[in-house]
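Below is one structure, written out as structure tokens; comments come after it.
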Amino acid sequence: MAARRMNLELSRILEGGSRLGVLKWVGKMGQHSMEVPGTLLYTHLGTVPHLTQETLHTLDNLPSVTQVTLSSLAEHQEVLEEFKKGFRKFSGLHDTVLYCSLHDPATPGPAGYTTNKTVSVWGGGGRIELTVAKFMALQKSVQPDWYQSMADGETWQDNTSRKRVRKSVDRTLAHLDECLLLHQQSQELEGAEVFGMVEGGDILEERRRSARETAKRPVSGFCLDGFQTGVMAPTLRAQLITSVTKELPEDKPRLLQGVGRPDEVLACVEAGVDLFEGFFPFQVAERGSALCFSFDISPDPERAVLEPTDERGTAGKMSQNGDRSLDDKTLMTSFEINLKDERYRDDFRPLVDGCGCYCCKNHQRAYLHHLLVTNELLAGVLLMIHNTAHYHGFFRTLREALAGDKLDLLKRRVLGERNRQTEAKE
């Protein structure tokens, strides 16, 4: 008997466009579900960076969907084809839904290598050029539960012309049609769900056209591309996403690529986005930083994630540590603390007061500072444990806020961290 198709059941749609619900019948056998808004589990070759599977599963409420990327898998195509059982079994992943995206959101490759018939990904061995046929051959070797269609997404540069944006939409739709045709002919991809790519740069008409035309195809969801952090003003991004989501059916999920900062997540959820890539905790850990923003909306003080006054006295210093450009992925944001800073050498508090993760229950900021300045591998492990737990806790609270009409309160909690940073800088 064929598995049921994935379906999004919405319990609430708020006036501004925020959506609360459950994605049901997820996976080829329909054995999983996922609450939205939600985030995927970011991995590199199926492994959350710095964490073993055993360590990862000490964390509660992990996402049911694991993200892998063709940019890291493409150079292993021959091995996977010889193995024949798909990447999930090859990598020892269990009880998870596998989503395969084209690019790695944490390490985007260089632009300028797209043609009418090909796109390029960048792996450890350099550039790999993909036609639709090669792209689909890769997907057949990976055997994911979800995958995005091939797309021309290189329209986010400032000097991109209207003609180039239009060509991007046309190419992406043509790629989608070819992918769907090959998908229907593939036994290995039977039961897999295809997500259509919505392109269009910063041109409203092209965004709408891309969304409308993609929605006419038999896709299971939509990937909104070209809205990555730093490529356009947040206000413009919210306006475009709001317009795009109006063109999409309500019962299919919308996944936003390249956005992970908490303030941006909140704005995009209000614009109608359901799913996000979970790369932000990794980016923060790679900077030697820990997520420490407040998202508590409960009147119970024992549930407080961070006392609002904990970091106020150091907000100015934090900006000097690298928060000069909140749109640069390589620099600190106001949602983290830089534990390499000398002032944490004798700070014996946990990373976040009230956090129940292993790191915060057993170690202090001073110990993390010591591990980082001595280049100990344990630093990355502990930071990823905390950052992953903190970030997923934020999404859990986001869903609670939508259910309990407390979104404005959550925004005040989260954005208060950024606003204090801005005030300190000025």
Side-chain angles (χ1 to χ4, degrees), residues 1-9 21-70 72-73 76 79-80 83-101 104-106 138-148 186-195 220-221 223 252-253 255 274-282 356-358 381 384-396 399:
M1 184 176 70
R4 291 182 60 173
R5 298 280 294 179
M6 180 173 67
N7 182 56
L8 178 58
E9 294 186 6
V22 179
L23 197 54
K24 294 188 173 181
W25 304 101
V26 178
K28 289 183 179 179
M29 303 305 296
Q31 70 274 38
H32 292 279
S33 62
M34 183 177 186
E35 294 181 293
V36 299
T39 180
L40 312 180
L41 186 67
Y42 171 79
T43 72
H44 179 70
L45 288 171
T47 299
V48 174
H50 302 295
L51 302 184
T52 65
Q53 285 293 320
E54 290 76 12
T55 303
L56 174 67
H57 287 283
T58 62
L59 301 176
D60 296 327
N61 302 308
L62 290 172
S64 58
V65 181
T66 296
Q67 180 178 8
V68 296
T69 63
L70 280 191
S72 59
L73 293 176
H76 305 291
V79 175
L80 289 171
F83 182 67
K84 294 184 173 61
K85 297 179 182 178
F87 182 74
R88 179 170 34 252
K89 288 189 176 181
F90 181 76
S91 58
L93 295 174
H94 304 288
D95 197 34
T96 188
V97 174
L98 199 65
Y99 165 65
C100 188
S101 63
D104 188 331
L138 270 166
Q139 297 293 0
K140 287 194 288 185
S141 69
V142 175
Q143 297 179 27
D145 297 279
W146 301 355
Y147 67 95
Q148 65 172 73
S186 169
Q187 183 178 354
E188 295 88 345
L189 294 174
E190 184 178 357
E193 311 276 6
V194 181
F195 276 54
S220 300
C223 291
K252 294 183 180 181
L255 191 162
D274 302 312
L275 297 171
F276 297 82
E277 297 171 312
F279 63 94
F280 188 64
F282 168 66
C357 80
Y358 173 86
V381 175
M384 276 303 292
I385 288 174
H386 168 75
N387 288 349
T388 301
H390 195 82
Y391 196 65
H392 294 159
F394 161 63
F395 272 92
R396 184 170 60 252
R399 292 190 292 270

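Quick note: residue numbers are just sequence positions, from 1.
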Report task. Compare all side-chain heavy atoms of L255 with those of Q148 and state whether any distance is below 4.5 angstrom. Result -> no
Report task. Could you label the plane-to-plane angle of the H50 and F282 rings as parallel, tilted or perpendicular, counting under 30° as parallel and over 60° as perpendicular? Result -> tilted
Query - T96 and R88: side chain donor to acceptor below 3.5 Å - result: no
Requested in this report: Please step through side-chain contact (heavy atoms from CB on, under 4.5 Å) for the pair C357 and H390, ending with a clear verdict.
Outcome: CA-CA 8 Å; C357 80; H390 195 82; over 6 Å; no
**Report entry** Side chain to side chain, M34 and L40, heavy atoms closer than 4.5 Å
**Finding:** yes
Query raised in the report: Would you call the rings of F395 and Y391 parallel, tilted or perpendicular, where under 30° means parallel and over 60° means perpendicular?
Result: perpendicular
Query raised in the report: Side-chain contact, heavy-atom cut-off 4.5 Å: Q143 with K28?
Result: yes
Requested in this report: Could you tell me whether the side chain of Y147 reaches within less than 4.5 Å of the side chain of L189, counting heavy atoms only?
Outcome: yes
Query raised in the report: Any side-chain heavy-atom pair from T47 and S91 closer than 4.5 angstrom?
Result: no
Query raised in the report: Between P253 and M6, is any pair of side-chain heavy atoms under 4.5 Å apart?
Result: yes
Query raised in the report: Do the rings of Y99 and W146 sit parallel, tilted or perpendicular, given the 30° and 60° boundaries?
Result: perpendicular
Query raised in the report: With a 4.5 Å heavy-atom cut-off, do V65 and L41 have their side chains touching?
Result: no
**Report entry** Working for side-chain contact (heavy atoms from CB on, under 4.5 Å), residues K89 and F83
**Finding:** CA-CA 9 Å; K89 288 189 176 181; F83 182 67; 4.1 Å; yes
Query - Pair E188 + K84: basic N to acidic O under 4.0 Å - result: no
Report task. Report yes if the side chains of Y42 and P281 come closer than 4.5 Å at any heavy-atom pair, otherwise no. Result -> no
